[in-house]
Amino acid sequence: MTPALVVFDLDGTLLDTHADLVQSLNYTIAAIGLAPVGYDDLTHLVGQGAKVMIERACNLRGHPLSQEQIPALLDRFITHYTDNMPGHTLPYPGLVEAMDQLKSAGYTLAVCTNKLEGLARGLIGKLQLTHYFNAITGGDTFTIRKPDAQHLLGTIERAGGDVRRTIMVGDSVNDILVARNAGVPSIAVPFGYSDVPVETLAPTRVITHFKELTPALVDELIGDFVSAKPAAAAG
Ligand SMILES: O=C(O)COP(=O)(O)O
Ligand SMILES: [Mg+2]
């Protein structure tokens, strides 16, 4: 049987990236004279990748960007963010121990993020975590991204997983929606960058610390989810 697969969102789930995102974003918008944004703004800015984050920050400062302005600002962000990796970014408490336990139990792991794939791979590599994952996809890996189901389904395929034996772990609405759209149970974590309480996103389960992410919980959610599905119509 295909091993169970746990797919993680990156920003606000796998890694606490907020300080470096804010630092590079402020460095970027300073180029057009805009005042810096704060951590509290981040929950409304992050989630759809760097380009959207920059656009949202400029809108927040009352300076909507023209399409012509975006490429240079995106390059400025990517250069600064890459040059400063891993910066202050760290895995959340208990994550590495949970991933070790899942891998020891024969489970496979993957990353499905709306961060640019190159930035995700660079950051995961700098933190020496690449070896944990069968697949790492970003917002630019496919032509679509979360919450489109195909982003998660494509990640599952690249990881050699089975959608019926997969769970998604995330901190924001796009993660819970992509799981729902792909027919996959979801675990929400409250310590990331959601602009609403994660309970209101109706995930399958909420955990408050990665010590709760055990093989038994994964089996429970997959089992419950499969048994709760209507029986396939008789062929
Ligand atoms: O880069 C972002 O906007 C956030 O991406 P993620 O939460 O899907 O990792
Ligand atoms: Mg996230």
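These numbers were taken from a predicted model, which means no experiment stands behind them. Just so you know, ligand 1 is whichever comes first in the structure, and atom 1 is the first atom listed for that ligand.
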Worksheet entry | Polar atom proximity, D175 to ligand 1 (N or O, under 3.5 Å) | no
Discussion item. Quick check on side chain to side chain donor-acceptor pair (under 3.5 Å): which of N174, N181, T137 does H151 satisfy it with?
Written reply: T137
Worksheet item: Of the backbone atoms (N, CA, C, O) and the side-chain heavy atoms from C-beta on, which set of Q48 has a member under 4.0 Å from an atom of ligand 1: side chain, backbone, both, or neither?
Response: backbone
Discussion item. Donor-acceptor pair, distance only, cut-off 3.5 Å: does the side chain of R61 make one with the backbone of P36?
Written reply: yes
Discussion item. Is it true that, when you exclude E157 itself, more than 12 heavy atoms of the residues, nucleotides or ligands shown sit nearer than 6.0 Å to its CD?
Written reply: no
Item to complete: Let me know which of D175, D171, D11 forms a salt bridge (Lys or Arg N to Asp or Glu O under 4.0 Å) with K146.
Response: D175
Worksheet item: Should C112 be counted as touching ligand 1, given the test is an N or O pair under 3.5 Å?
Response: no
Discussion item. Checking the N or O distance criterion of under 3.5 Å, is ligand 1 in contact with G47?
Written reply: yes
Worksheet item: If Ile, Leu, Val, Met, Phe, Trp and Tyr residues are connected whenever their side-chain heavy atoms lie under 4.5 Å apart, and connections chain through other members, are L25 and I70 in the same group?
Response: yes
Worksheet item: Quick check: does D11 have an N/O/S atom under 2.8 Å of the Mg ion (ligand 2)?
Response: yes
Worksheet entry | Closest D171 atom to the Mg ion (ligand 2) [N, O or S only] | OD1
Worksheet item: Closest N/O/S atom of D9 to the Mg ion (ligand 2), by atom name?
Response: OD2
Discussion item. Check whether T204 reaches the backbone of I187 with its side chain - one donor and one acceptor, N or O, closer than 3.5 Å.
Written reply: no
Practice prompt. Considering only non-hydrogen protein atoms, determine which one is nearest to atom 9 (O) of ligand 1 and report residue, atom name and distance to 0.1 Å.
Written response: T113 OG1, 2.5 Å
Fill in: Residue K146 vicinity, atoms of ligand 1 by number, heavy atom under 4.0 Å
6 (P), 8 (O)
Item to complete: Would you please say whether a donor-acceptor pair under 3.5 Å links the side chains of H80 and T28?
Response: no
Worksheet item: Under 4.0 angstrom from ligand 1, any heavy atom of G12?
Response: no
Worksheet entry | Ligand-residue contact atoms, ligand 1 with V46, heavy atoms, under 4.0 Å | 2 (C), 3 (O), 4 (C)
Worksheet item: Would you say Y107 and I207 are hydrophobically clustered, going by side-chain heavy atoms of ILVMFWY under 4.5 Å?
Response: yes
Worksheet, complete the sentence: In this structure, atom 5 (O) of ligand 1 is nearest to the protein heavy atom D11 OD2, 3.3 Å
Worksheet item: With atoms numbered from 1 as shown, which atoms in ligand 1 lie under 4.0 angstrom from a non-hydrogen atom of L10?
Response: 9 (O)
Practice prompt. Answer with yes or no whether the side chains of T89 and D20 bring together a donor and an acceptor at under 3.5 Å.
Written response: yes
Worksheet entry | Heavy-atom nearest neighbour in the protein, as seen from atom 7 (O) of ligand 1, with distance rounded to 0.1 Å | D9 OD1, 2.9 Å
